[in-house]
Amino acid sequence: MPALVLADLDQRPELRPAAAALFAACPPGHDHQVCGIPERMGLDPQPEDLTDCLGVLLALSGIRLVGALALCPYSAQQVTLWGPAITERANAKPIAAKLMREARVALRSAGYESMRCLVDTRNRSARAILQSHGFSAWKDNHLYERHLVRLAASEVTGFRAASKVDHPGIARVLVESFPESDHCQPGLATRESEGFRHYLLEDRDRIVAAAAVDGIGRRSWLKMIAVERQNRGRKLSRKLLSGILAAEAKLQVRSIGLEVLADNVEANALYAHSGFDRKWTAAIMTAAL
Ligand SMILES: CC(C)(COP(=O)(O)OP(=O)(O)OC[C@H]1O[C@@H](n2cnc3c(N)ncnc32)[C@H](O)[C@@H]1OP(=O)(O)O)[C@@H](O)C(=O)NCCC(=O)NCCS
């Protein structure tokens with residue numbers, strides 16, 4: 001095998017389709033490399049997905065692309081790895097090692113503190129490779145999906161798509177439930193200009209539950225759903241979610257997906273009850289830089 005050479009996709013843009021094909025060759029199953037961009041998880045990787053990454057490292061053997069590792073945005077301190085995706089099982093370890101070393105150097109110099117990676121629990125070799133690079137499993141994460149085609153339209157009392165006057169009430173519910181998220185900063189209007197849709201459930205003129213949905217076309221993505229603390233346990237999330245499913249179906253969206261921690265008992269019960277199928281489970285693995 002010729003010597004391995006690393007390249008940055010920005011310097012070799014002609015390799016974008018080949019790199020996307022390499023990720024596409026690792027679909028859900030025992031070779032699965034979970035996409036690090038949540039709303040694209042489980043969808044056929046497209047070349048444009050790679051443009052949304054912070055960077056993509058390529059491993060070349062002669063002129064052949066044999067490995068790729070994408071660095072996906074997560075927070076100001078942490079990135080999510082997508083890959084390494086490698087063509088040759090026999091040489092996976094040295095190719096992965098070279099890509100991981102280079103990723104560490106690049107991320108450290110860019111000021112990041114740590115990395116995370118979602119590893120499909122069926123992909124034992126990916127888990128072993130990451131462990132050998134200092135990653136350890138934190139928690140399991142489930143990916144759910146629900147088809148929206150032929151969904152009967154239903155009227156849900158108190159449910160509606162948000163307008164600007166609703167933003168403070170929605171932000172109150174979301175910030176209380178997701179204090180570490182930056183979704184409500186600088187404001188929900190900004191998120192809506194980025195493509196998010198917000199939905200709410202009102203009870204006696206008060207916003208008691210809210211949700212943020214992203215994406216359109218291939219699949220929409222339920223980024224967050226929450227009921228204000230004092231109103232939990234009243235099945236209000238089921239009402240809100242059934243309104244969301246009907247509203248998204250009207251937008252001609254084929255399906256809706258989401259990820260949720262496996263230990264979030266209330267949320268897992270909600271999705272199972274609302275007709276979602278569990279597609280796979282991934283271990284969230286993290287490592288310091
Ligand atoms: C997940 C969540 C939206 C569920 O909302 P909810 O409308 O309170 O859900 P339910 O009323 O159906 O309650 C779910 C289960 O938890 C129990 N439960 C949850 N909170 C409770 C509370 N404060 N008091 C009593 N029971 C409660 C219920 O008994 C129910 O169990 P059951 O289905 O076996 O009866 C809500 O717990 C929440 O906002 N969590 C924080 C945000 C979050 O984790 N969102 C999901 C990830 S994006």
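In listed order, ligands and their atoms are each counted from 1. We use all heavy atoms of the structure for the numbers below, so side chains are in, but hydrogens, waters and symmetry mates are not.
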Legend entry - atom 11 (O) of ligand 1 within contact range, any protein heavy atom under 4.0 Å: yes
Legend entry - Under-4.0 Å protein heavy-atom contact, atom 34 (O) of ligand 1: no
Under 4.0 Å between a side-chain nitrogen and a carboxylate oxygen: does that hold for [X] and [Y]?
{"X": "D49", "Y": "R218", "result": "yes"}
{"X": "K164", "Y": "E192", "result": "no"}
{"X": "R232", "Y": "E266", "result": "no"}

Inset, instruction - Just let me know how R238 lines up against ligand 1, side chain, backbone, both or neither, with a heavy-atom cut-off below 4.0 Å. - result: side chain
Legend entry - Region of N264 that comes within reach of ligand 1 [heavy atoms, distance under 4.0 Å]: side chain
Inset, instruction - For the pair D166 (side chain) and S163 (backbone), establish whether a donor and an acceptor sit closer than 3.5 Å, ignoring hydrogens and angles. - result: yes
Inset, instruction - Check ligand 1 against A267 and write out every atom of the ligand that is under 4.0 Å from a heavy-atom position of the residue. - result: 1 (C), 46 (C)
Legend entry - Those atoms of ligand 1 less than 4.0 Å from some heavy atom in Y271: 46 (C), 47 (C), 48 (S)
Heavy-atom nearest neighbour in the protein, as seen from [atom], with distance rounded to 0.1 Å:
{"atom": "atom 15 (C) of ligand 1", "answer": "E266 CG, 3.8 Å"}
{"atom": "atom 37 (O) of ligand 1", "answer": "R232 CD, 3.5 Å"}
{"atom": "atom 3 (C) of ligand 1", "answer": "S237 CB, 3.8 Å"}
{"atom": "atom 31 (O) of ligand 1", "answer": "K235 NZ, 4.0 Å"}
{"atom": "atom 25 (C) of ligand 1", "answer": "G233 CA, 4.1 Å"}
{"atom": "atom 45 (N) of ligand 1", "answer": "I225 O, 2.8 Å"}
{"atom": "atom 39 (O) of ligand 1", "answer": "V227 N, 2.9 Å"}

Legend entry - Ring centres under 6.0 angstrom apart (H183, F196): yes
Legend entry - Q185 and D182: side chain donor to acceptor below 3.5 Å: no
